[in-house]
Amino acid sequence: MSNTISIPTPNNFNFRRAVTGHGWYDLPPFVYDEAANKLSYVFYSTLTRKPEPVTLGEGGNSNLHISVSKTADPDEVKRVVRHILRIDEDLADFYSTVAGHDAFCWVEALNAGRLLRSGTVFEDLVKTLCTTNCSWGLTKIMTANLVAKLGKKVSGGGRAFPSAKSMASKPESFFREEIRAGYRSPYFLELGEAVAAGKLDPEGWLHSELPTDELKKEIKKVKGIGDYAAENLLKLLGRYDGLALDSWLRGGFYKKHNREKACPDKKIEKHYKRFGKWKGLAIWCDMTQSWFEEGR
DNA sequence: GCGTCCAGGTCTACC
DNA sequence: GGTAGACCTGGACGC
């Protein structure tokens with residue numbers, strides 16, 4: 001790497017919180033150096049037709065510094081980085097929605113609410129599938145295996161997330177035995193084949209004009225994607241209408257708002273209903289408040 | 001070291 | 001629409 005690109009960031013943008021406000025930074029090909037506050041990532045360039053490593057860090061004066069290879073296309077790098085860190089996402093309406101609620105007064109002050117996402121919707125979809133019905137530890141194992149065993153290698157080290165084509169080229173047994181995906185194995189293969197054949201276009205969901213309910217139905221057509229997974233992906237697409245309830249969020253809600261007792265999901269829905277289309281982001285901020293208090 | 005149990009979200013069959 | 005059981009893994013636990 002020898003070129004440095006700078007891009008300006010909004011006033012309410014905090015690099016460390018934009019990276020660590022969501023667990024994705026812990027999944028390859030992301031590598032986060034907490035001490036240096038630098039985030040490395042490898043994306044597959046559609047222009048140079050090869051994996052391009054980037055390293056992001058704060059540059060001062062509201063700028064983000066990006067270290068890239070000499071061969072990388074600067075405009076493509078900027079586009080990918082802006083997408084990953086959601087630099088162009090306008091959270092003003094979210095901040096004004098939560099501003100009137102005492103428990104959320106910290107949210108805007110600490111620039112919370114930017115959820116790190118991958119370079120492509122396909123990558124986020126596969127990673128979301130890796131989060132279903134398993135521990136975070138197993139999610140990391142499956143993601144690491146996918147990158148290590150199927151991702152295109154960078155000459156200087158590191159790998160990109162595998163393409164749909166490379167996933168489609170492997171038998172189901174590969175996902176079962178090498179990725180440790182278990183019963184999800186046929187789902188990975190089916191997804192890779194559908195995207196590689198052009199029958200499914202996850203990237204199109206990013207700018208879909210479908211109402212969220214309709215888009216959720218489309219996303220749920222992917223085998224292995226249910227309510228939680230679809231709503232989680234919708235959050236990464238910038239739609240926060242759904243809570244994406246999983247056991248971790250439910251447990252956090254019981255602890256914080258229900259005297260550590262389990263309750264029906266409807267009660268959780270009712271609690272966040274006041275935040276309207278932002279309720280999915282509101283519950284995420286509410287449940288991760290301690291992360292910010294710990295200095296993330 | 002081995003066996004057992006559990007958590008985790010979705011699918012399918014069934015009512 | 002709601003429910004039960006199966007799916008599969010890693011980790012915790014007891015022996």
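Throughout, protein chains are lettered first and strands after them, A, B, ... in sequence-line order, and every chain is numbered starting at 1.
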Determine whether A/Thr131 and A/Tyr228 satisfy the following criterion, side chain to side chain donor-acceptor pair (under 3.5 Å), listing intermediate values before the conclusion. CA-CA 10 Å; A/Thr131 67; A/Tyr228 148 74; 2.8 Å; yes
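- Within residues 179-193 of chain A, the residues having any heavy atom closer than 4.0 Å to DNA chain C are, in order of number, A/Arg180, A/Gly182, A/Tyr183.
- Taking atom CH2 on A/Trp136 and atom P on B/dG9, their separation rounds to 13 Å, with Å as the unit.
- In the region residues 214-228 of chain A, proximity to DNA chain B at under 4.0 angstrom, judged on heavy atoms, holds for A/Val222, A/Lys223, A/Gly224, A/Ile225, A/Gly226, A/Asp227, A/Tyr228.
- The closest donor-acceptor contact from the side chain of A/Arg159 to the backbone of A/Gly151 lies under 3.5 Å.
- In this structure, A/Leu125 atom CG and B/dG9 atom C1' are separated by 15 Å, rounded to whole Å.
- The aromatic rings of A/His257 and A/Phe253 are tilted relative to each other, their planes meeting at an angle between 30° and 60°.
- The 12-atom threshold is exceeded at CD of A/Glu172, counting heavy atoms of other residues, nucleotides or ligands nearer than 6.0 Å.
- Ion pairing of A/Lys221 with A/Glu218 is present here, as a side-chain N (NZ or NE/NH1/NH2) and a carboxylate O approach within less than 4.0 Å.
- In this view, A/Lys220 and A/Asp227 satisfy the salt bridge (charged side-chain N to carboxylate O under 4.0 Å, His left out) rule, not counting sequence neighbours.
- At least one side-chain heavy atom of A/Leu237 sits under 4.5 Å from a side-chain heavy atom of A/Leu215.
- Along DNA chain C, read 5' to 3', the first and last nucleotides having any atom under 4.0 Å from a heavy atom of chain A are C/dC7 to C/dG10.
- Ring planes of A/Phe275 and A/Tyr272: tilted class, angle from 30 to 60°.
- Using a 4.5 Å heavy-atom cutoff, the side chains of A/Tyr25 and A/Val31 are not in contact.
- Note: A/Trp248 and A/Trp291 have tilted aromatic rings, judged against thresholds of 30 and 60 degrees for the angle between ring planes.
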Run A/Glu269 and A/Lys266 through salt bridge (Lys or Arg N to Asp or Glu O under 4.0 Å) and show every step you take. CA-CA 5 Å; A/Glu269 290 274 355; A/Lys266 284 184 179 176; over 6 Å; no
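- One axis for each end of the helix from B/dG1-C/dC15 to B/dC15-C/dG1, each built from five base pairs, and the angle between them comes to 30° at 10° resolution.
- Remark: A/Lys256 NZ is packed, more than 12 non-hydrogen atoms of other residues, nucleotides or ligands lying under 6.0 Å away.
- Around the NZ atom of A/Lys50, the shell of radius 6.0 Å holds more than 12 heavy atoms that belong to other residues, nucleotides or ligands.
- Remark: A/Arg117 does not engage A/Asp124 in a salt bridge, criterion side-chain N to carboxylate O under 4.0 Å.
- Salt-bridge formation is detected for the pair A/Lys277/A/Asp93: a Lys NZ or Arg NE/NH1/NH2 atom is positioned less than 4.0 Å from an Asp or Glu carboxylate oxygen.
- DNA chain B is contacted by A/Asp246, A/Ser247 of residues 245-264 of chain A, taking any non-hydrogen atom closer than 4.0 Å.
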